[in-house]
Amino acid sequence: MAPGRAGRYGGAMGRPRNLVILTGSGISAESGVPTFRADDGLWMGHRVEDVATPQAFARDPALVQDFYNQRRRQLATVHPNAAHRALADLATHWPGEILLVTQNVDDLHDRAHAATPPAPGFDLIHMHGELLKAQCSVTGDVCDCPGDLAPDQPSPFHPRGTLRPHIVWFGEFPLQMDRIERALAACDLFVSIGTSGAVWPAAGFVQLANLAGARTVELNLEPSRGRRLFDDGLYGPATEVVPAFCATL
């Protein structure tokens, strides 16, 4: 971000009221949550095709359940960091609407906002699902899931159903896209935090915000693939750039 440009997001004139924030794995990495994919293309030691598709679950439910059971247990060892807390603090006194859309399936945003309750205009969407929830294989109903799931875990929603992780796998449609697109069409400011700009449809959110006439800002460790689509960018560790940016608002 060029020196002095941060001021455009605050002050009495032109202050944005409707804010959409997108977060990706980069915001949770400093809490110790593994990022989505390593340089070798593996996801925590597994090929994505083996643990993150409906076909993988049908082929080897034990492997898939064990993979997500391990990830679920890891949540007990991680905590919200300064970036999560800065967004939670922003939401406590924002005068308009804030929609926080996260690609992350961890619960770090939830915990940060539970510790600092947001204003009425705030909403949080886990567009790729949540580790601490499970869904019925027959009805799609969702329930809390704080512990491990067995390969043939019975569903409380249907006598022939089993429970699977409440995760949007490759080949499945992200959650609440209609709500997200409506918010992008009405936003004054769109902020993308800790995303690679490589995963769709989230990578296209900046274009929808641009079409709506919103200011668009990227906060990231380094410029993403879509950097040219943003009006501004601020780069560095999330625990530094997110609190600094929120302070300008």
Does any N or O in the side chain of [X] come within less than 3.5 Å of the main-chain N or O of [Y], such that one atom is a donor and the other an acceptor?
X: N104; Y: D106; result: no
X: S137; Y: T162; result: yes
X: S31; Y: P80; result: no
X: R85; Y: A112; result: no
X: Y235; Y: E218; result: no
X: N210; Y: L229; result: yes
X: S28; Y: S25; result: no
X: D231; Y: T216; result: yes

Nearest 0.5 angstrom please: [X] [atom1] to [Y] [atom2], how far?
X: L100; Y: I21; atom1: CG; atom2: CD1; value: 5.5 Å
X: L221; Y: E30; atom1: CG; atom2: CD; value: 8.0 Å
X: I98; Y: L124; atom1: CD1; atom2: CG; value: 11.5 Å
X: Q74; Y: L131; atom1: CD; atom2: CG; value: 9.0 Å
X: T139; Y: F157; atom1: OG1; atom2: CZ; value: 6.5 Å
X: H84; Y: T23; atom1: NE2; atom2: OG1; value: 6.5 Å

Same apolar cluster: [X] and [Y], side chain cutoff 4.5 Å:
X: F170; Y: M127; value: no
X: L108; Y: V168; value: no
X: F245; Y: V101; value: no
X: L208; Y: L22; value: yes
X: V105; Y: V51; value: yes

Quick check: do [X] and [Y] have side-chain heavy atoms less than 4.5 Å from each other?
X: L132; Y: D110; result: no
X: L19; Y: L90; result: yes
X: N220; Y: R227; result: no
X: P156; Y: L163; result: yes

| Stepwise side chain to side chain contact (heavy atoms under 4.5 Å, CB included) test for E130 and D107 | CA-CA 7 Å; E130 301 177 63; D107 66 337; over 6 Å; no

| task | Let me see the working for I167 and H128 under side chain to side chain contact (heavy atoms under 4.5 Å, CB included), right down to the final yes or no. | result | CA-CA 6 Å; I167 302 295; H128 290 163; 5.8 Å; no

Side-chain donor-acceptor contacts of residues 194-206 below 3.5 Å, not counting sequence neighbours, with atom names and distances?
unit_1	atom_1	unit_2	atom_2	d
T195	OG1	S192	OG	2.9
S196	OG	A198	N	3.2

| field | Step-by-step side chain to side chain contact (heavy atoms under 4.5 Å, CB included) determination, D50 to F67 | value | CA-CA 10 Å; D50 293 334; F67 175 78; over 6 Å; no

| said: Evaluate L234 against V217 for side chain to side chain contact (heavy atoms under 4.5 Å, CB included), listing each step before the verdict. | reply: CA-CA 8 Å; L234 184 62; V217 185; 5.5 Å; no

| Who passes ring-ring contact (aromatic ring centres under 6.0 Å, His included) against H113, sequence neighbours left out? | F122

| query | Does one side chain, of H166 or Q135, offer a donor that lies under 3.5 Å from an acceptor on the other? | reply | yes

Listed pairs under 3.5 Å, donor-acceptor, residues 175-191 side chains, sequence neighbours left out:
unit_1	atom_1	unit_2	atom_2	d
D188	OD2	R17	N	3.0
D188	OD2	N18	N	2.9

| Can you list the residues that meet the salt bridge (Lys or Arg N to Asp or Glu O under 4.0 Å) rule with E172, with sequence neighbours excluded? | R164

| query | Under the salt bridge (Lys or Arg N to Asp or Glu O under 4.0 Å) rule, what pairs show up with a residue in residues 135-159, not counting sequence neighbours? | reply | R73-D148

| field | side chain to side chain donor-acceptor pair (under 3.5 Å) against Q153, all qualifying residues, sequence neighbours excluded | value | none

Specify the closest pair of heavy atoms between [X] and [Y], including all atoms of both residues, with the distance to one decimal.
X: G24; Y: Q103; value: CA-OE1, 3.8 Å
X: P243; Y: A238; value: CD-O, 3.4 Å
X: C136; Y: S155; value: SG-OG, 3.1 Å

